[in-house]
Amino acid sequence: MTRYDPAALEPKWQAEWEAAGVFAARRDDRPKYYVLEMFPYPSGRIHMGHVRNYTMGDVVARYKAACGYSVLHPMGWDAFGMPAENAAMERGGHPRDWTYANIADMRSQMKPLGLSIDWAREFATCDPEYYGQQQAMFLDMLAAGLVYRKAAVVNWDPVDMTVLANEQVIDGKGWRSGAPVERRELTQWFFRISDFAEDLLDSLDRLTHWPEKVRLMQANWIGKSRGLQFAFDTVDAPAGFDRIEVYTTRPDTLLGASFAAISADHPLARALEAADPAVAEFVARCRQGGTSAEEIETAEKIGLDTGIRVRHPLNPDWHLPVWIANFILMDYGTGAIFGCPAHDQRDFDFATKYGLPVTPVFVAEDAEETPLAEAFVPPKSDRVRYVRGFAGDAVQTGDQGVAAAIALAEAQGWGRGVTRFRLRDWGLSRQRYWGCPIPIVHCPACGVVPEKKENLPVELPHDVTFDRPGNPLDRHPTWAATTCPACGGPARRETDTMDTFVDSSWYFARFTAPRASTPTDAAEADYWMNVDQYIGGIEHAILHLLYSRFFARAMHRTGHLPAKAVEPFDALFTQGMVTHEIYLTRDAAGRPVYHLPEDVIRTETGASLKDGTAVEVIPSAKMSKSKKNVVDPMNIIAQFGADTARWFVMSDSPPERDVEWTAAGAEATFKHLSRVWRMADDIARSTAPDAPAEDLALDRATARAIADVTAGIEGFAFNKAIAALYAFANAVQKSSAGAAAKRRAMATMAQLMQPMVPHLAEEVWALLGGQGLVARAPWPKADPALLVQDSVTLPIQINGKKRAEITVPRDMPAAEVEEIALADPDVIRFLGGAVPKKLIVVPGRIINVVA
RNA sequence: GCCCGAGUGGCGGAAUGGUAGACGCAGGGGAUUCAAAAUCCUCCGCCGCAAGGUUUGCGAGUUCGAGUCUCGCCUCGGGCACCA
């Protein structure tokens, strides 16, 4: 070979690795290391986000293998979900065929990347082998009381007669029908995740290798609060509604109450609805629009005075009006609140709109009571002065005020302190075809009956159609017809399938024994769990990661995971997204039509299609297939090779940050890798004699590179590791050391590059006569003696501004350093005869003269 | 609306509270070449001839010293329980 030729050398080394079985995960006497990237959804094409994500994991996997670990680095497919059904609806075909074809395509696109994956463990969540085990666990969890049924609200499209996902609700309307969405109740299956709320919250403290922001987001999501639950006695309420239970986290503001409010789904609202057309009309309005918190909280706040009054618990003669309000959720607390407009902005807005009083309860510690233009909501830890307090001191923190109010209510017997969590149980039922069937049978005689384990998997039928909306399982002529596992009589299968989050909540465990005839294999799980390093997108910070933590606990409780695995991910890294501009034009109806970057000509002022049509440019957003702002890595690989793609996505941007994709850098990366190849080729043939001083300098540069690259990888700062490799390449190139020293340096470079550009590293290693595969070579160690600098350059600041610089021996005593610093001509000039007031010497770092 | 992040040259970014701009891209100049590509050398935050001044989204503060810590804003991004 006379030049760097990735098209030739990359397949060659991939074949060598395959033949040697380098990446097969084995249980042996080495310490194990399990590195896992979130598995991909098989959209059909890999994109740069995948390349970035899996290269990061691969860098870690290869580095840990070099460090002597037995590494497990598997790959699979999160293969159930709505896009397959959407594709079937739009283009015909079948979700199963679409999904497996996509998997085959994506696998064939990923393999050329040279990832150190044990492909023998691959599976897809839509494999009956996988989802059958999931059904078995569902039954175990049902038996253990971890699953139950209750009514829950869904988005209902009244035209398509189907349930909509939140993302299918756009501006309160169904995405296909355009009909206003309604909220409708269905009986659905739930996991009792809220039973674990306390543990899931407390255990966050132990996840010391998780990003602080993720732990904080989860803690806020779980939302532990201490508050007061009490009942208002009602006046003029319908029979059976003598009391309205409310929960509040601010009982200290009770004397600022100006109204009570209940959810439109509150039992009292339902009772009034039946009797009063005006109420019925109002609650119907409340039930319009989607179910998402975002929609509910940003919708216009509306209310209706029911005419019912309640007695204030601290003064029975004080009556508060009861309103029905659209922002009170039946799912939270008791579905009823009292409003204190002075200290809650939402209540303030509501009171202002409907002319309800605003009565301050407390003011800032040193302030006087004045009319409020907005709610006064200081942190609960701040001290405030209570002007309408009823418990505790006049001046106390909000937290103290709350505690005192609870204590008083309990002592007087009209309320009790209650700890609540915001976390709600996990609704897992989906009215869709392409998911794991819930293995339940509905029998007219026996009711809800679990399917027998020997009848698992309950497989999806293949003969379904998607020519009309709704769940094909529900209208399948025969599939649901079965016999009752309990009585043997005719019965009907549950036609709901599971949320795809269930699939992705235990795949990490299945990878430890992917072909086991039980969900997990105890010995394998015991050896491989936990995942030592998990890598995924920040968009999963709450839902996926919290569900997985719950599922691991539920699996432990049902005997499918060891106790040590209840926190399945020891370390978490959340990589940033790869973003790109979005290009769109409008169709005749004004709806957006998206265009791929390769179909768009970008100029400095704007963009157009190849036929000249002007294109709207939306600034960078997460790459998404539906928006078509995706870049095809296969083009980069075809042109420059996988190593260029790998190096490029690791360089420049820190891994945790989003990166805006530009094609400009790929060619520059290729040039650099070509240069490294040429250097290796030259050095391999060099006969330059030893040159002691230069050889030592190069050995020092090598030690520096080992230290910096190692620190970069260990610290998940791959961009810094790459920067160190650039610097090292420059040092080798400029060095006039002898051939032997240069070969040492270059062989080390091959080892240090191996995690990022494994193919080139093998080639360089082979050119230099390295033993075996560099993929199996141990990680180099830096000689500490070579890392120590003899002298150090210290900046001298005068009043915090740098004015001079001195170079002194590394271990010179501070007194001598001071003397030299004060004798420096620039220092003397800038002091202008002034006597220094103070001298700060930070050894090895800086000198600051305060004049 | 609520929760969580991010913001540094033309660009991606670096910087245990201690020389802001490592490393790379783009760009300027030069060498090589008949010429070009490739390669190599070199310069490169901004203002200024220079001395010097100025500079990390904006505004305050703490400190001998702040990109880094605190408070208040602005902008962008992620999540908000049926997108995965």
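Naming convention: chains lettered A, B, ... in sequence-line order (proteins, then strands); numbering from 1 in each chain. All heavy atoms count here, side chains included; hydrogens, waters and symmetry mates do not. Just so we're clear, the structure is a prediction, and the values are computed from it rather than from any experiment.
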Tell me whether A:Arg215 forms a cation-pi arrangement with A:Trp210, defined as NZ or CZ under 6.0 Å from the six-membered ring centre and within 45 degrees of its axis. no
Could you tell me whether A:Arg3 sits above the aromatic face of A:Trp677, with NZ or CZ closer than 6.0 angstrom to the six-membered ring centre and within 45 degrees of the axis? no
With [atom1] as the reference atom in both, quote the distance from [N] to [M] in angstrom, rounded to an integer.
N     : M     : atom1 : answer
B:G7  : B:A14 : C1'   : 16 Å
B:C41 : B:C74 : C1'   : 45 Å
B:C83 : B:G78 : P     : 15 Å
B:C40 : B:G5  : P     : 44 Å
B:G67 : B:U16 : P     : 13 Å
B:G57 : B:A6  : C1'   : 11 Å
B:G13 : B:A20 : C1'   : 13 Å

Would you tabulate the pairs of protein nitrogen or oxygen atoms and nucleotide nitrogen or oxygen atoms of nucleotides 2-6 of chain B closer than 3.5 angstrom?
unit_1, atom_1, unit_2, atom_2, d
B:C3, O3', A:Asn220, ND2, 2.9
B:C3, O2', A:Asn220, ND2, 2.8

When you get a sec, tell me which of [options] is the closest nucleotide to the side chain of [X]?
X        : options             : result
A:Ile538 : B:G78, B:C82, B:C80 : B:G78
A:Gln431 : B:A22, B:A84, B:C82 : B:C82
A:Arg422 : B:G52, B:G1, B:A81  : B:A81
A:Val154 : B:C82, B:G18, B:C80 : B:C82
A:Val163 : B:A84, B:C82, B:U19 : B:C82
A:Arg829 : B:G78, B:G52, B:G18 : B:G52
A:Asp78  : B:A84, B:U39, B:C82 : B:A84

Pair partner, [N] [Watson-Crick or wobble, under 3.5 Å]:
N     : answer
B:G27 : B:C43
B:G1  : B:C80
B:C73 : B:G57
B:C64 : B:G18

Quick one: label [X] by what it contacts on the DNA or RNA (base, sugar-phosphate, nothing), any heavy atom closer than 4.0 Å.
X        : result
A:Phe501 : base
A:Thr793 : base
A:Ser674 : nothing
A:Gly427 : sugar-phosphate
A:Ser292 : sugar-phosphate
A:Arg215 : nothing
A:Val849 : nothing
A:Ile296 : nothing
A:Val169 : nothing
A:Asn730 : sugar-phosphate
A:Glu656 : nothing
A:His540 : base
A:Arg346 : nothing
A:Val850 : sugar-phosphate

Indicate whether OP1 or OP2 belonging to [N] is found under 4.0 Å from a side-chain N or O atom of [X].
X        : N     : value
A:Ser653 : B:G13 : yes
A:Arg803 : B:G65 : no
A:Arg424 : B:A81 : no
A:Gln733 : B:C40 : yes
A:Lys734 : B:C41 : yes
A:Asn719 : B:A14 : yes
A:Thr500 : B:A84 : yes

What pairs with A:Pro83 under side-chain contact (heavy atoms from CB on, under 4.5 Å), at least two apart in sequence or on another chain? A:Tyr41, A:Trp98
Which is it for B:G9, anti or syn, if anything within 90° of zero counts as syn? syn
Is any side-chain N or O of A:Gln168 under 3.5 Å from a base N or O of B:C83, one able to act as donor and the other as acceptor? no
Output all residues satisfying salt bridge (charged side-chain N to carboxylate O under 4.0 Å, His left out) with A:Arg383, sequence neighbours left out; order by chain, then residue number. A:Glu365
Please enumerate all residues that pass salt bridge (charged side-chain N to carboxylate O under 4.0 Å, His left out) together with A:Asp171, with sequence neighbours excluded. none
Note: for A:Asp826 and A:Glu805 on RNA chain B, the residue whose nearest nucleotide lies more 5' is A:Glu805
Let me spell it out: for each of A:Val153 and A:Pro654, pick the nucleotide of RNA chain B with the closest heavy atom. Which residue's pick is nearer the 5' end? A:Pro654
Taking A:Asp826 first and then A:Arg803, would you say they form a salt bridge - that is, a charged N and a carboxylate O separated by under 4.0 Å? no
So, A:Lys150 and A:Glu185, do they make that salt bridge, N to O below 4.0 Å? no
Close side-chain approach of A:Asp643 to A:Met756, heavy-atom, < 4.5 Å: no
Can you find a pair of side-chain heavy atoms, one from A:Arg176 and one from A:Asp160, that are under 4.5 Å apart? yes
Could you tell me the separation between the CE atom of A:Met48 and the C1' atom of B:G12, rounded to a whole number of Å? 14 Å
To the nearest Å, give me how far apart NE2 (A:His544) and P (B:A84) are. 13 Å
Trace of the ring-ring contact (aromatic ring centres under 6.0 Å, His included) decision for A:Phe551 with A:Phe191: CA-CA 9 Å; A:Phe551 218 78; A:Phe191 285 121; 5.7 Å; yes
Can you list everything that forms a side-chain hydrogen bond (donor to acceptor under 3.5 Å, both in side chains) with A:Lys802? Sequence neighbours excluded, please. A:Glu805
Please, which pairs that meet salt bridge (Lys or Arg N to Asp or Glu O under 4.0 Å) have at least one residue in residues 704-716 of chain A, sequence neighbours excluded? A:Arg704-A:Asp708
